[in-house]
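A quick write-up on the structure given underneath.
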Protein chains: 2
Amino acid sequence: MEKKSRESTGFLIKQRAFLKLYIITNIENGRWYGLQLLDELRKEFKPLGFEPQHSEVYRALHELEDEEEILTKVRIKVEGAKRKEVIVYKIKDSEKAKAYKKLVKIDIDRSEQLLRKALGENF
Amino acid sequence: MEKKSRESTGFLIKQRAFLKLYIITNIENGRWYGLQLLDELRKEFKPLGFEPQHSEVYRALHELEDEEEILTKVRIKVEGAKRKEVIVYKIKDSEKAKAYKKLVKIDIDRSEQLLRKALGENF
DNA sequence: AGATGAACAGCATGTTCATTT
DNA sequence: AAATGAACATGCTGTTCATCT
């Protein structure tokens with residue numbers, strides 16, 4: 001049986017891509033693990049009413065590793081009262097990272113134009 | 001059985017609300033029927049890569065009539081090679097229309113801030 | 001409890017079908 | 001065919017559950 005896929009009508013950028021962009025940028029500036037990224041992103045966006053879910057962050061990380069092949073993970077042992085091991089991500093292919101961010105930028109620019117157009121034409 | 005509804009994490013504005021805003025504004029400036037609005041909206045947004053679906057426009061119209069109670073419809077007979085009757089909408093409650101648009105504006109402003117923030121922090 | 005991952009479920013919306021003129 | 005509407009299907013993502021330390 002063929003799986004029939006859906007067309008996008010091209011409305012606004014999807015949450016997944018938006019999160020991937022932030023995740024890449026954060027990891028470009030240091031190593032991070034999943035829940036750490038979640039906390040950071042929530043803190044960043046909470047003032048704007050956006051509080052992403054932990055599963056979305058993990059899904060983004062998994063796809064950046066397996067599909068986009070931009071990240072790799074390393075298991076790190078941690079001393080302290082928390083978990084003994086944590087999965088830290090780092091950039092695997094910075095060219096791919098750069099290319100991916102470029103694509104996302106185009107989509108964000110486009111999305112912003114849609115919103116600006118609406119603000120200009122309806123108010 | 002209780003139907004358990006989902007929380008929104010507050011990412012970007014939904015297509016439905018975005019279309020409702022344009023539909024209200026168009027109808028404030030004259031009478032329109034469904035497919036006519038669809039054509040107009042597609043023409044407007046196509047340059048930005050967005051081509052809404054006819055069913056979304058109808059769903060928006062139905063909700064603006066039945067849930068928001070902002071519009072009413074009138075059946076109009078049309079002379080010509082097309083359909084004999086067409087369902088034209090007009091504003092029923094302009095105060096509610098105004099209030100609804102105000103809410104949508106807040107959500108668009110918020111969405112735009114999210115996108116601008118991303119543009120500023122990742123590039 | 002903190003961290004990760006996956007299964008499950010609901011919702012927004014895309015696709016297709018039916019009906020009427 | 002133009003117009004409307006509804007049923008059906010799918011993908012995104014929120015919720016819940018499981019496992020490990």
Side-chain angles (χ1 to χ4, degrees), chain A residues 1-20 23 31-42 50-67 71 73-89 107, chain B residues 1-20 23 31-42 50-67 71 73-89 107:
Chain A
M1 271 301 174
E2 276 308 307
K3 194 165 174 190
K4 53 190 78 166
S5 61
R6 270 176 112 143
E7 289 283 310
S8 164
T9 51
F11 189 51
L12 304 177
I13 188 173
K14 295 286 183 298
Q15 181 185 171
R16 184 85 44 92
F18 185 90
L19 291 180
K20 282 177 179 171
I23 288 171
R31 299 188 171 187
W32 294 76
Y33 64 92
L35 273 206
Q36 213 176 18
L37 283 161
L38 178 68
D39 287 344
E40 171 67 13
L41 295 171
R42 284 194 165 174
F50 173 41
E51 289 189 78
Q53 223 59 30
H54 83 274
S55 45
E56 258 311 283
V57 171
Y58 285 121
R59 281 187 283 244
L61 283 168
H62 299 159
E63 288 186 12
L64 285 171
E65 188 192 5
D66 301 332
E67 296 178 28
L71 302 180
K73 63 183 167 210
V74 189
R75 291 174 175 277
I76 298 286
K77 300 205 183 300
V78 177
E79 300 303 318
K82 300 186 179 182
R83 217 197 197 214
K84 292 274 164 53
E85 248 183 26
V86 126
I87 296 177
V88 159
Y89 288 84
D107 206 16
Chain B
M1 270 304 175
E2 276 307 306
K3 194 166 174 190
K4 54 190 74 169
S5 62
R6 272 176 110 143
E7 289 284 311
S8 165
T9 50
F11 189 51
L12 304 177
I13 188 172
K14 296 285 182 298
Q15 182 185 173
R16 184 85 46 91
F18 185 90
L19 291 179
K20 282 177 181 173
I23 288 171
R31 297 187 174 190
W32 295 76
Y33 65 91
L35 274 205
Q36 215 177 15
L37 283 162
L38 178 69
D39 287 346
E40 170 67 14
L41 295 172
R42 284 194 166 174
F50 174 40
E51 289 190 77
Q53 224 58 33
H54 83 274
S55 45
E56 257 311 283
V57 171
Y58 284 122
R59 280 187 282 245
L61 283 168
H62 298 158
E63 288 186 12
L64 284 171
E65 189 193 3
D66 299 332
E67 296 178 27
L71 303 180
K73 64 184 166 210
V74 189
R75 293 174 174 277
I76 298 287
K77 299 204 182 300
V78 176
E79 299 304 316
K82 303 188 177 179
R83 212 191 202 219
K84 292 274 164 52
E85 246 183 27
V86 125
I87 296 177
V88 158
Y89 288 85
D107 206 17

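Proteins come first, then strands; the chains are lettered A, B, ... in the order of their sequence lines, and each starts at number 1.
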Is the A/F18 ring parallel, tilted or perpendicular to the A/F50 ring (thresholds 30°, 60°)?
->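 Correct class here is perpendicular.
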side-chain contact (heavy atoms from CB on, under 4.5 Å) partners for B/E40, two or more places apart |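 By the side-chain contact (heavy atoms from CB on, under 4.5 Å) rule, B/E40 matches B/N26, B/W32, B/K43, B/E44.
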Is any side-chain N or O of B/H54 under 3.5 Å from a base N or O of D/dG5, one able to act as donor and the other as acceptor?
->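 For B/H54, whose side chain was compared with the base of D/dG5, there is a donor-acceptor pair (under 3.5 Å).
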Would you say the base of C/dT13 and the side-chain of A/R6 have a donor-acceptor pair closer than 3.5 Å?
->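 Checked by distance alone, the answer is yes.
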Among the nucleotides D/dA3, D/dT13, C/dG14, which one has an atom lying closest to any side-chain atom of B/V86?
->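 Nearest to the side-chain atoms of B/V86, counting from C-beta on, is D/dA3.
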Quick one: which of D/dT4, D/dG14, C/dT13 gets closest to the side chain of B/L35?
->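 Output: D/dT4.
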Taking only residues two or more places apart in sequence, or in another chain, which ones meet B/Y89 in a ring-ring contact (aromatic ring centres under 6.0 Å, His included)?
->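 Listed in chain order: nothing, the list is empty.
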With sequence neighbours left out, what residues match A/H62 under ring-ring contact (aromatic ring centres under 6.0 Å, His included)?
->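 For A/H62, no residue satisfies ring-ring contact (aromatic ring centres under 6.0 Å, His included) once neighbours in sequence are set aside.
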What is the distance from [atom1] of [X] to [atom2] of [N], rounded to the nearest Å?
{"X": "A/R16", "N": "D/dG14", "atom1": "CZ", "atom2": "C1'", "result": "12 Å"}
{"X": "A/R42", "N": "D/dT13", "atom1": "CZ", "atom2": "C1'", "result": "13 Å"}
{"X": "B/R75", "N": "D/dT4", "atom1": "CZ", "atom2": "P", "result": "10 Å"}
{"X": "A/Y89", "N": "C/dA3", "atom1": "OH", "atom2": "C1'", "result": "11 Å"}
{"X": "A/Y33", "N": "C/dG5", "atom1": "OH", "atom2": "C1'", "result": "16 Å"}
{"X": "A/K14", "N": "D/dG11", "atom1": "NZ", "atom2": "C1'", "result": "9 Å"}
{"X": "B/Q15", "N": "C/dT15", "atom1": "CD", "atom2": "C1'", "result": "14 Å"}
{"X": "B/L19", "N": "C/dA12", "atom1": "CG", "atom2": "P", "result": "14 Å"}

Map A/V88 and A/E7 onto DNA chain C by nearest heavy atom, then report which one ends up closer to the 5' terminus.
->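 Here A/V88 is the residue nearer the 5' end.
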Under the salt bridge (Lys or Arg N to Asp or Glu O under 4.0 Å) test, residues paired with A/K73 that sit two or more places apart |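 Only A/E65 meet the salt bridge (Lys or Arg N to Asp or Glu O under 4.0 Å) criterion with A/K73.
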Would one find a side-chain N or O of A/Q53 under 4.0 angstrom from OP1 or OP2 of D/dT15?
->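 So the side-chain polar atoms of A/Q53 do come within 4.0 Å of the phosphate oxygens OP1 or OP2 of D/dT15, strictly under.
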For C/dA3, take OP1 and OP2 only and decide whether either is under 4.0 Å from a side-chain N or O of A/Q36.
->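 It does not, given that no N or O in the side chain of A/Q36 lies less than 4.0 Å from OP1 or OP2 of C/dA3.
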Any side-chain heavy-atom pair from A/Y33 and A/V74 closer than 4.5 angstrom?
->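 When only atoms from C-beta onward are counted, A/V74 and A/Y33 do not touch, as no gap falls below 4.5 Å.
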Would you say the side chain of A/L37 lies within less than 4.5 Å of the side chain of A/L61, judging by non-hydrogen atoms?
->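 Of all side-chain heavy-atom pairs linking A/L37 with A/L61, at least one is under 4.5 Å.
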Qualifying residues under side chain to side chain donor-acceptor pair (under 3.5 Å), relative to [X], sequence neighbours excluded:
{"X": "B/Q15", "value": "none"}
{"X": "A/S55", "value": "A/R59"}
{"X": "B/R16", "value": "B/E56, B/E63"}

Which parts of residues 55-67 of chain A get close to DNA chain D, meaning a heavy atom less than 4.0 angstrom away?
->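 Here the set is A/S55, A/E56, A/R59.
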Terminal axis angle for the helix from C/dA1-D/dT21 to C/dT21-D/dA1, five pairs an end, nearest 10 degrees |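 Roughly 20°, once rounded to the nearest ten degrees.
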